Novice: 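Below is one structure. I have some questions about it.
Just so you know, these numbers use all the heavy atoms, side chains as well, and skip hydrogens, waters and symmetry mates. If you read the sequence from its start, that first residue is 1, and numbering goes on from there. Note that the structure is a prediction, hence the values are computed from the model and not measured.
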Amino acid sequence: MKTFKYLLMQMFYWACFCAIFSFANPYLSSKGVPVSTIGTILAIASILSVIIQPYLAKLIDTYEFFTVRSSILLSLIVPVFAIILMIISDNPLILYTSYTIALCGFLNVQTFMYPFIFEYMNRGYKVNFGFARGMGSISYAIASYTLGTLSAKYSLNFLPMYFLVLTILVILMILTFEPLGKIKKHEEHLPDV
């Protein structure tokens, strides 16, 4: 069951990441954003992600209540609000800022997705990691082909709603994993000496 849930988490995440990263140029260009500004948005999102990740890791190490699961949820909940702003506002500055925040959040998630599932595997849960990760790659490929085909025929104005729906689905998948604090670690039976 954990494999299926992690598989869905991977598929929803990579389908969304494909759209928000690989289709940043066509989407933002369709909104009148200059190419140089698009490059700046991608660069700032990447730099912010590199700066934020060590702080999240320090929070995980320092506070018992802040876990890898919490860091992923935080990295996705903040983009949800940014994406909603993208949907409801036509202000270019809000678009630039919101897109940067959303992309930064998704870049953060990549760092913590693997430690997240390895924690469950280390606690004795059976997860076919390779299969789930492979399905994530297939999901990326399908999303890329589908969005590329749609972008050739139609406007990409639907992308923020696409981001929002898939981000919420990833959050819901993560919430189906019970917090590790509630999981009893399996004790090994050592032979008597």
Novice: Would the Y154 and F158 ring centres measure less than 6.0 Å apart?
Specialist: no
Novice: I would like to know whether Y114 and R133 meet side chain to side chain donor-acceptor pair (under 3.5 Å); could you show each step before the answer?
Specialist: CA-CA 10 Å; Y114 305 128; R133 181 62 190 87; 2.8 Å; yes
Novice: Out of curiosity, does V33 fall in the hydrophobic cluster containing V35 (side-chain heavy atoms, cut-off under 4.5 Å, transitive links)?
Specialist: no
Novice: Taking atom CZ as the centre, does F131 end up with more than 12 heavy-atom neighbours from other residues, nucleotides or ligands that are less than 6.0 angstrom away?
Specialist: no
Novice: Would you tell me whether N91 and S89 have side-chain atoms, one donor and one acceptor, within less than 3.5 Å of each other?
Specialist: no
Novice: Answer with yes or no after comparing the ring centroid distance for F112 and F116 against a 6.0 Å cut-off, counting only values under it.
Specialist: no
Novice: Inspect the surroundings of CZ in F21 and state if more than 12 heavy atoms from other residues, nucleotides or ligands are less than 6.0 Å away.
Specialist: no
Novice: Verify the distance criterion only: is there a donor paired with an acceptor across the side chains of T40 and T37 at less than 3.5 Å?
Specialist: no
Novice: Is the shortest side-chain heavy-atom distance between C104 and N108 below 4.5 Å?
Specialist: yes
Novice: Is it possible for you to say whether I72 and Y63 belong to one hydrophobic cluster, with membership spreading through side-chain heavy-atom contacts below 4.5 Å?
Specialist: yes
Novice: Parallel, tilted or perpendicular: which fits the ring planes of F106 and Y13, with parallel below 30° and perpendicular above 60°?
Specialist: parallel
Novice: For residues V50 and V78: do they belong to one hydrophobic cluster (side chain heavy atoms under 4.5 Å, members Ile, Leu, Val, Met, Phe, Trp, Tyr)?
Specialist: no
Novice: In sequence, state the C-alpha distance, the side-chain angles, and the governing distance for Y27 and S151, and then conclude on side chain to side chain donor-acceptor pair (under 3.5 Å).
Specialist: CA-CA 9 Å; Y27 171 71; S151 67; over 6 Å; no
Novice: Answer yes or no: are there more than 12 heavy-atom neighbours, outside D61 itself, under 6.0 Å from its atom CG?
Specialist: yes
Novice: Linking I/L/V/M/F/W/Y whenever their side-chain heavy atoms sit closer than 4.5 Å, directly or via other members, would I138 and M173 fall into one cluster?
Specialist: yes
Novice: Report yes if the side chains of V170 and V109 come closer than 4.5 Å at any heavy-atom pair, otherwise no.
Specialist: no
Novice: Is there a path of hydrophobic side-chain contacts, each under 4.5 Å between heavy atoms of I, L, V, M, F, W or Y residues, that connects I20 with Y145?
Specialist: no
Novice: Check F23 against S144 and note the closest heavy-atom contact, atom names and distance.
Specialist: CZ-O, 3.6 Å
Novice: Does atom CE of M121 have more than 12 heavy-atom neighbours from other groups under 6.0 Å away?
Specialist: yes
